[in-house]
Amino acid sequence: MQQLIIIAAGGMGRTLYDMARESLGFATEFVIKGFINDYPSLGNFQNYPAIIGTIEDYEPMEDDVFI
């Protein structure tokens, strides 16, 4: 199963998260792994996945896909 990573965790990133959860294929073809963002302070939102790394430091894995 593909692991969706959302680049940026601000307002647009949170909107993309909500849209991805409502998209065809969610939980059957892909799951949301989390956000990558250069500002860890944006990781304090409740009910959203964690920030899993910075844009520069994140090491893509085999099943990762990005938006």
Side-chain angles (χ1 to χ4, degrees):
M1 186 172 298
Q2 294 181 324
Q3 305 285 315
L4 179 66
I5 298 171
I6 301 169
I7 301 170
M12 180 57 90
R14 306 294 168 163
T15 298
L16 288 171
Y17 168 79
D18 292 333
M19 292 172 69
R21 287 180 33 110
E22 296 177 11
S23 295
L24 185 65
F26 175 67
T28 58
E29 297 177 25
F30 71 92
V31 293
I32 301 170
K33 187 173 185 178
F35 298 95
I36 57 174
N37 195 77
D38 288 337
Y39 302 101
S41 63
L42 291 174
N44 297 330
F45 288 91
Q46 293 182 5
N47 302 317
Y48 285 97
I51 293 177
I52 57 176
T54 64
I55 294 169
E56 184 175 340
D57 295 333
Y58 186 77
E59 295 284 335
M61 301 181 83
E62 184 175 334
D63 291 329
D64 287 352
V65 293
F66 299 86
I67 186 168

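Computed from a prediction, not measured in an experiment: that's the story for all the values here.
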Item to check | ring pair (Phe, Tyr, Trp, His ring centres under 6.0 Å) contacts touching residues 3-38 (sequence neighbours left out) | outcome: Tyr17-Tyr48, Phe26-Phe30
Next on the checklist: Using every non-hydrogen atom in the two residues, find where Gly34 and Pro49 come nearest and quote the distance to one decimal.
Outcome noted: CA-CB, 3.7 Å
Checklist entry - Would Met61 end up clustered with Val65 when hydrophobic side chains under 4.5 Å apart are linked, directly or stepwise? => result no
Next on the checklist: Checking Thr54 now: which residues fulfil side-chain hydrogen bond (donor to acceptor under 3.5 Å, both in side chains) with it, not counting sequence neighbours?
Outcome noted: Asp57
Checklist entry - Tracing side-chain links under 4.5 Å among I, L, V, M, F, W and Y, which residues wind up in one group with Met1? => result Val31
Checklist entry - Rounded to the nearest 0.5 Å, how far apart are CE of Met12 and CD1 of Ile6? => result 11.5 Å
Item to check | Spatial distance of atom CG (Asn37) from atom CD1 (Ile51) [nearest 0.5 Å] | outcome: 4.5 Å
Checklist entry - Please, which pairs that meet salt bridge (Lys or Arg N to Asp or Glu O under 4.0 Å) have at least one residue in residues 20-39, sequence neighbours excluded? => result Lys33-Asp64
Next on the checklist: Suppose we screen for ring-ring contact (aromatic ring centres under 6.0 Å, His included). Which residues come up paired with Tyr58, at least two apart in sequence or across chains?
Outcome noted: none
Checklist entry - For Phe66, which residues count as a ring-ring contact (aromatic ring centres under 6.0 Å, His included) partner, sequence neighbours excluded? => result none
Checklist entry - CG/Leu16 to CD1/Ile7 distance, rounded to the nearest 0.5 angstrom? => result 10.0 Å
Item to check | Rounded distance (nearest 0.5 Å) linking atom CD1 of Ile32 with atom OG of Ser23 | outcome: 8.0 Å
